[in-house]
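For reference, positions follow the sequence shown, starting with 1.
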Amino acid sequence: MQKSSCTDADRRLLAALRDCGTDPRVAAAARALSRAGEHAALWLAAGLAAAAVDRDRRGSWLRGTALVAAAHLASMGVKRVVRRPRPQLPAAEPLVRTAGRHSFPSSHASSAAAAAVAYGALRPAGARLVPPLAAAMCVARMVAGVHYPSDIAAGALLGGVTAQAGAAWMREPLERGRR
């Protein structure tokens, strides 16, 4: 097995957060958030639903959804290169099964951060609602014991940068309509 490249601080913080998962309510929330974020499902569904109901911004929502998908795919590509093994905590089994063996960067964090940036730019409600849900999803992956904090940080950075890089493309039709 490949040795993990995480720091001692990474391991200690992960262990502390995983200990929070001993509370059945916290564990249930971590499982639910982890399942909802698998393959960016929650964020892709939210973007498509918003595109269906917000006719004025339909193109922008679809482009934002594409940015979320791009962030997710980018994180999966980086995982295949880095190949960092998932955490193995001696005192606690993970709360969820994972789709893959590699943890760096967190694809959940990538898609969540991309959604927070992209969807937050389209509606004030998105700017208020999506970031806290995205943050909760990121923390849930550590509570579940399947990601180191550095996995989450790298995934969130990748997702945020991806969405920000496409922000002008995402909003272009909306801004053209306001002229």
Applying the 4.5 Å side-chain criterion to the ILVMFWY set and letting contacts propagate, would V26 and L13 be lumped into a single cluster? yes
Does the side chain of R101 reach to within under 4.5 Å of the side chain of P85, using non-hydrogen atoms? no
Start with the C-alpha distance between H72 and S110, add both sets of side-chain angles, then the distance that settles side chain to side chain contact (heavy atoms under 4.5 Å, CB included), and finish with yes or no. CA-CA 6 Å; H72 182 74; S110 293; 5.8 Å; no
F104: ring pair (Phe, Tyr, Trp, His ring centres under 6.0 Å) partners, not counting sequence neighbours: none
When every non-hydrogen atom of A109 is compared with those of S106, the smallest separation belongs to N-OG, 3.0 Å
In the structure I gave you, are the side-chain heavy atoms of V143 and L33 within less than 4.5 Å of one another anywhere? no
Determine whether a donor-acceptor pair (N or O, by modelled atom type, separation under 3.5 Å) exists between the side chain of R86 and the backbone of G100. yes
Answer with yes or no whether the hydrophobic clustering places V68 together with L133; edges join I, L, V, M, F, W, Y residues whose side-chain heavy atoms lie under 4.5 Å apart. yes
Any chain of hydrophobic side-chain contacts (each under 4.5 Å) joining W169 to L44? yes
Point-to-point distance, once rounded to the nearest 0.5 Å, from CG of D19 to CG of L14: 9.5 Å
With no hydrogens and no angle check, is any side-chain donor or acceptor of R18 less than 3.5 Å from a backbone partner on E93? yes
In the structure I gave you, are the side-chain heavy atoms of L122 and M170 within less than 4.5 Å of one another anywhere? yes
Heavy atoms only: give me the nearest A144-S34 pair and the separation to one decimal. CB-OG, 4.2 Å
Which pair of non-hydrogen atoms, one from A156 and one from A113, has the smallest distance, and what is that distance? O-CB, 3.3 Å
Looking at side-chain heavy atoms only, is the closest gap between V146 and H108 below 4.5 Å? no
How would you list, by chain and number, every residue that makes a salt bridge (Lys or Arg N to Asp or Glu O under 4.0 Å) with R35, sequence neighbours excluded? none
Just verifying a value: how many Å separate M142 CE and D10 CG, rounded to the nearest 0.5 Å? 9.5 Å
For residues T162 and L158, determine if any side-chain heavy atom of one lies less than 4.5 Å from a side-chain heavy atom of the other. yes
Minimum heavy-atom distance between A163 and A118, given as atom pair plus value: CB-N, 4.1 Å
Over all heavy atoms of both residues, which pair between L67 and G166 is shortest? Give the atoms and the distance, please. CD1-O, 3.6 Å
Is there side-chain contact between H102 and R80, with at least one heavy-atom pair below 4.5 Å? no
Value rounded to 0.5 Å, distance of CZ in R84 from CG in D151: 4.5 Å
Correct closest heavy-atom pair for A27 and G21 would be CB-O, 3.3 Å
Would you say that T98 contacts H147 through its side chain, given a criterion of any heavy-atom pair below 4.5 Å between the two side chains? no
Taking the side chain as every heavy atom from C-beta outward, state whether W43 and T65 have any pair of such atoms under 4.5 Å apart. no
